[in-house]
Amino acid sequence: MRRFFRNTLFKVGFWLLVLGTGPLTLIILASDLGLLDDPNPNPVGPGMLAFLTFWPAVICLVLGTVQVVRGIQAARSDAAVHWTGTRGVRITAGVIGGFLLLRGLTTMLLYGMYDRGSVSALVLGVVGIWWASTGRLPGWWGR
């Protein structure tokens, strides 16, 4: 287990999971044990924190575990760490981009909602798929 905590991605994922979902888990546990006055608490803040940190934590844990199992060490150079060529990160970006593209299209076409969320999901999905397939961001992205 110690070798997993030497990997930076695994450590980030672990602490993101513990600190992100921990408060909501403690509130739910305290409610089940009867330590809170309200048997059905509605913790909005800890719920939003858990919502925003759960999947990034899981992704970091999975990528860190894959790196440890395969024995991959982070390539360090004087200029920068070149991680754009790694296959797993590009596949992950493509899958997430596909989900975002699908979410944006279904929201716009099925529900007729042309709000910021659906358009943002559409744009980020296209950029994620583009980066996964070419290894670079589109030229219009920096403008």
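We use all heavy atoms of the structure for the numbers below, so side chains are in, but hydrogens, waters and symmetry mates are not.
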When rounded to the nearest 0.5 angstrom, what is the spacing between CD1 in I129 and OG1 in T134? 11.5 Å

Any idea how F10 and F4 line up, ring-wise: parallel (<30°), tilted (30 to 60°), or perpendicular (>60°)? tilted

N42 side chain near V44 side chain, heavy-atom distance below 4.5 Å: yes

Count I, L, V, M, F, W, Y as connected when their side-chain heavy atoms are under 4.5 Å apart, and connections chain through other members. Are V68 and V58 then in the same cluster? yes

Please set out all donor-acceptor pairs under 3.5 angstrom arising from side-chain atoms of residues 91-103, sequence neighbours excluded.
residue : atom : partner : partner atom : Å
T92     : OG1  : G88     : O            : 2.7
R103    : NH1  : G117    : O            : 3.4

Which heavy atom of A57 sits nearest a heavy atom of G13, and at what distance? CB-O, 3.4 Å

List the atom pairs, with distances to 0.1 Å, where a side-chain N or O of residues 16-25 and a protein N or O form a donor-acceptor pair under 3.5 Å, not counting sequence neighbours.
residue : atom : partner : partner atom : Å
T21     : OG1  : L17     : O            : 2.5
T25     : OG1  : T21     : O            : 2.7

D38 and S31: which non-hydrogen atoms are nearest, and at how many Å? O-OG, 3.9 Å

When you group the ILVMFWY residues by side-chain heavy-atom contacts below 4.5 Å and let the links chain together, are L105 and Y114 in the same group? yes

Residue D37 excluded, over 12 heavy atoms near CG under 6.0 Å: no

Identify whether V12 and I59 are in the same connected component of the hydrophobic contact network (ILVMFWY, side-chain heavy atoms under 4.5 Å). no

Just verifying a value: how many Å separate L63 CG and Q67 CD, rounded to the nearest 0.5 Å? 7.0 Å

Under 4.5 Å between any side-chain heavy atoms of V69 and T65, yes or no? yes

With the 4.5 Å side-chain cut-off for hydrophobic clustering, are L52 and L61 part of the same group? no

What pairs of residues pass the ring pair (Phe, Tyr, Trp, His ring centres under 6.0 Å) test when at least one of them lies in residues 28-56, not counting sequence neighbours? none

Going through the checks in order, is the side chain to side chain contact (heavy atoms under 4.5 Å, CB included) test met by D115 and S118? CA-CA 6 Å; D115 58 347; S118 58; 2.8 Å; yes

Please say yes or no: joined through hydrophobic side-chain contacts below 4.5 Å, possibly via intermediate residues, are L36 and L33 part of one cluster? no

